[in-house]
Amino acid sequence: MSELPKAFDHKDVDARWYSFWESIGAFTAHPESGKPVFSMVLPPPNVTGSLHMGHALNHTLPDILARWKRMQGYDVLWLPGTDHAGIATQNVVEKQLAQAKQTRHDLGREAFEARVWDWVKISHETITGQMRKLGESVDWSRERFTLDPGLSRAVRREFVSLYREGLIYRDKYIVNWCPRCRTALSDLEVQHKDTDGKLYYVKYAGVGGGAGVVVATTRPETMLGDTAVAVNPDDERYRHLAGTRVRLPVIGRELPIITDSFVDPAFGTGAVKVTPGHDPNDFAMGKRHSLPSVAVIDEDGRMTKEAGPYAGLDRFKARKALVEQLQQDGLIEKIADHKHAVGHCDRCGTVVEPLVSTQWFVKIGPLAAEAIRAVEDGRVVFLPDNWTKTYFEWMTNIHDWCISRQLWWGHRIPAWYCDACGQTVVSEDDPTTCACGGALRQDTDVLDTWFSSGLWPFSTMGWPDETPDLQRYYPTTLLLTGFDIIFFWVARMIMLGLKFAGDVPFHTVYITGLVRDERGQKMSKSKGNVVDPLSVMDDIGADALRFTLSAMASPGMDIPLSEGRMTGYRQFINKIWNASRFLLMNIGELPERPALPPVKDLHLIHRWLLSGVSRLALEVNDALTTYRFDQASDRLYHFFWHEFADWYIEFVKVDLQQPGPVRDAAVAVLVEVYDRLMRLLHPFIPFITEEIWQKLPRRTGDGNTVSLSAFPTAVTEWSDLDAERDVAYLQQVVSTIRTVRSERSVPPSRKITAIIDETDAHARAVLEQYAPYVRLLSGLETLELRGDVAASPDTVARVLEHAHIFVPLAGIVDRRGEIEKLEKELAGLAREAGGLEQKLANAGFVERAPAAVVEEARARVVQLAERRHKLQAQLADLGAP
RNA sequence: GGGCGGUUAGCUCAGCGGUAGAGCACCGGCUUUACACGCCGGCUGUCACAGGUUCGAACCCUGUACCGCCCA
């Protein structure tokens, strides 16, 4: 047993247990078990590469819950899987091709898709490998991928049903277009960034005696597509111009001046150009006023032939060239600096171009209304609660969802067009011919990736079939995810779950913060501050990483992953390892679990420990019930290290040195408590706890893994406030003597004498009975209990509540130091007493504060006075003036 | 422009009505046979600022400043 290495080597331990758990099916859900259900789906990571720290957090926290619930006897389903992540994955592969100077068009659609599948395989291996390394207790037998045949069938069912209900339509509309990805994007896939730009004031000459007007624009190149100029109807400055016409520079087109209350008179000159083809607001205005729409920028971001002399130029080059021309022509009145939000492609960062094109949309209003109601009436609860507001905000201002993407990677849109009769056929099964007999060709576009992941909580369980899993595990208990995908994913799951699965997809949504770097900055490859979970795990082990994330997961807060905290928790794991070594060295070879003697027969120290462990179990369960991973971790950390290891282990060394019943009782308590501690810690740090638990003598009826053992609960009979008070007293005595030693630089190897004058009978009895423990922990040769100590300059004296502690240290007492110390303490006491007396003299306090608080203050004043007297007496003994 | 969060020890963070805590860092002492990834002891804070509520505020309210995020 004693051959455990001195330092914990996670590499040696971690790898063994995961495959063991998998081999015994420890994480498999059992629908037939009859146990209560706890179910979650894992937010499926994108198959774009590997997992980052954010994943590590959002996988660790639910794993803690899954393991905890499993140990509590629940039938836990934690369903894993991955997301094909349309545009994101396609971009990754396109980048790889680009390195070989190829594009997807060089390969063709089929070969490109094959290429992506190759990549998916690699990425999937990486991700699932990382998940195993992190110890995630997911049910691999139910793993899914969003492009699995079953899930693809679900997507078709979804599309066709919504289409038949009129909730999916195809329309020509202005959409966000990424000229680099060459696809439409949804509103959510556009990142608005504040950008320093210019505001150009351009003169439009009047036509037929009209006065003309100066318009202000941030994007002069789009003026080539103007079809009107608009002013606010209430704007006195322009009232006379309404109905007149101006001439568009360069192109020469005549534009009407219209009035529309959307125009902000305070922006620029108060007159704006209207470009329905390249601005969403102008598009809407164009609809209102039946204006034509002219496209001057194409899908590659180049100027079209409508742009006259600029045709073929890149849009930004065209801007520059056009501005130069306008300046030459004297048509630029001025150019001002102007900060404004510019939309960028979420995936590649290219400036998005609003374009009019034909796309598929989901009519979102009716779906959103239901989803809002579900949160309003509490069927779905957001934690922390403030996210509810964010959700409502977005849901009530929601726009129709553009779901078609001009990509090759994803679910192909199940719509076919007949060239012969112009029919559109939307169908779950591939149709062969049109009703008219004409040939059909399928829409070449694919669906937004979130159109499929929105079904995740039920498509993974077999929907649209009524499977046993679906019946049992849907709705899921909880979803845990980052706030960055509340709109993308959470809201859509709620809408689609209500629509198709007939119920909310989860009862609780726990929203985590983002994992940031030590300075609170978002981790990003370009900043080079990415901390890779794999290398951290290599370095400090999965358990230490998990514990760090858990301890830092305060609700609603981002997590700056601090090196210092990680180090601290790595050391905690090592501490557990070494405490385990101590335990295993000392309990010896036990054929079976020793029976725990009745608590009343155990001495104070044991009773104190059992009381603490019982309370700890209560606290950990409470904390996890409210998702306070940080509190649970803190309690475990503190109890294990600073109560169990620092004090109990030191106390119990006394017992272990005495063969016979004293030692046997100590061993029994040690094993019992350690078993509980391993169980309590297991959800947080599964690897080391399994390793150690396996080495503990088994209790009859124990299974073969701690991961399926019973999670500890509070034990009422163990609660013992008297023991807690008495041990706290012993600790105070020990600490006092230790402090004296430290102040006087008495090395631990030098055994000394302490004399305690204890006036409280109970305390004296405790001290008497447990003197050996105090001696060992304080490094005492002898401990005397008597009240006749004469003041001596060679004796350090310390004051406790109702005791004096004397430590004779002949020749090394520093009188001046002692006097200073006493005076400092007296000053502190005087300050505290002064504050309290002032408080008590305040009639308001005495009358209005709770009686207990007032009582406490009074008692404290008495206590302080007593202590002051003792200290003053000591000062006198030292001969202070 | 609207909304959310933050501002507490040198650093990273807890605490959220009864005069401040953890880890790391720092200082001093220790080869105390589980652990130097350790043990013992110690130092460190006008809890951003200004008002207000309260017997009492880091904690509740109002405002200001700065930092960060989301939405438009």
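A, B, ... follow the sequence lines: proteins, then strands. Residue 1 opens every chain. Not measured: the values here are computed from a predicted model.
A/Arg565 places its CZ atom 7 Å from the C1' atom of B/rA22, with the value rounded to the nearest Å. In this structure, A/Asp558 atom CG and B/rC70 atom P are separated by 10 Å, rounded to whole Å. The NE2-C1' distance, from A/His638 to B/rA14, rounds to 13 Å in whole Å. Computed from coordinates, the A/Ile540 CD1 to B/rC24 P distance equals 14 Å when rounded to whole Å. Put simply, CZ on A/Phe262 is 10 Å from C1' on B/rA72, counting in whole angstrom units. Nucleotide B/rG29 holds its C1' atom 14 Å from the CZ atom of A/Arg750, rounded to whole Å. To the nearest angstrom, P of B/rU12 lies 18 Å from CG of A/Leu549. For the pair A/Asp264 CG and B/rA72 C1', the computed distance is 14 Å after rounding to whole Å.
When the P atom is compared between B/rU8 and B/rG45, the two are found 15 Å apart, to the nearest whole Å. Between B/rU33 and B/rU46, the distance separating the two C1' atoms is 50 Å to the nearest Å. One P atom belongs to B/rA25, the other to B/rC39, and the distance between them is 12 Å to the nearest Å. The gap from the C1' atom of B/rC66 to that of B/rG41 amounts to 40 Å, rounded to the nearest Å. Distance check on atom P: B/rC47 versus B/rG10 gives 12 Å, rounded to whole Å. Nucleotides B/rG42 and B/rU7, compared at atom P, are 29 Å apart to the nearest Å. Distance check on atom C1': B/rA20 versus B/rA14 gives 11 Å, rounded to whole Å. Here the separation of B/rG23 from B/rC37, taken at their C1' atoms, is 14 Å to the nearest Å.
In a base pair of the Watson-Crick type (N1 to N3 plus N6-O4 or O6-N4) or a G-U wobble (N1-O2 and O6-N3), with each distance short of 3.5 Å, B/rC24 is matched with B/rG10. Remark: B/rC60 base-pairs with B/rG52; criterion is Watson-Crick or G-U wobble with both hydrogen-bond distances under 3.5 Å. Across all strands shown, B/rC37 forms no Watson-Crick or G-U wobble pair with both key distances under 3.5 Å. The pairing partner recorded for B/rU44 is none, the criterion being a Watson-Crick or G-U wobble arrangement whose two distances lie under 3.5 angstrom. Base pairing analysis places B/rG5 opposite B/rC67; the two distances defining the Watson-Crick or G-U wobble pair are each below 3.5 Å.
Aromatic ring centres of A/Phe487 and A/Tyr391: separated by at least 6.0 Å. Residues A/Tyr569 and A/Phe572 keep their aromatic ring centres 6.0 Å or farther apart. The aromatic ring centres of A/Phe8 and A/Trp577 sit less than 6.0 Å apart. The six-membered or imidazole ring of A/Tyr510 lies away from that of A/Phe382, with a centre-to-centre distance of 6.0 Å or more.
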Legend entry - Candidate pair A/Thr753 and A/Phe806, rule side-chain contact (heavy atoms from CB on, under 4.5 Å), full reasoning: CA-CA 9 Å; A/Thr753 296; A/Phe806 302 97; over 6 Å; no
Legend entry - Worked check of side chain to side chain donor-acceptor pair (under 3.5 Å) between A/Asp646 and A/His642: CA-CA 5 Å; A/Asp646 285 352; A/His642 300 303; 2.8 Å; yes
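Looking at heavy-atom distances under 4.0 Å, A/Thr567 makes no contact with the nucleic acid at all. Residue contacts for A/Tyr637: at a heavy-atom cut-off of 4.0 Å it reaches the sugar-phosphate backbone alone, with no base atom in range.
Between A/Asp630 and A/Arg628 there is a salt bridge, since at least one side-chain N of the basic residue sits less than 4.0 Å from a carboxylate O of the acidic one.
By the 30° and 60° cut-offs, the orientation of the rings of A/Phe629 relative to A/Tyr627 is tilted.
Taking the side chain of A/His192 as heavy atoms from C-beta on, and the options B/rA72, B/rA14, B/rC4, the nearest nucleotide is B/rA72. Here the nucleotide nearest the side chain of A/Asp634, chosen from B/rA14, B/rG3, B/rG5, is B/rA14. In the set B/rG3, B/rG5, B/rG15, the nucleotide with an atom closest to the side chain of A/Arg628 is B/rG15.
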Legend entry - Under 4.0 Å protein heavy-atom contacts per nucleotide of nucleotides 34-44 of chain B, with B for base, S for backbone only and - for none: BBSBSSSS---
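The only option from A/Trp394, A/Phe483, A/Trp450, A/Trp401 that meets the ring-ring contact (aromatic ring centres under 6.0 Å, His included) definition with A/Phe488 turns out to be A/Trp450.
Nearer the 5' end of RNA chain B, as judged by each residue's closest nucleotide, is the contact made by A/Ala551, out of A/Gly568 and A/Ala551. Across the interface with RNA chain B, nearest-nucleotide mapping of A/Asp187 and A/Ser749 shows A/Ser749 to be the residue nearer the 5′ end.
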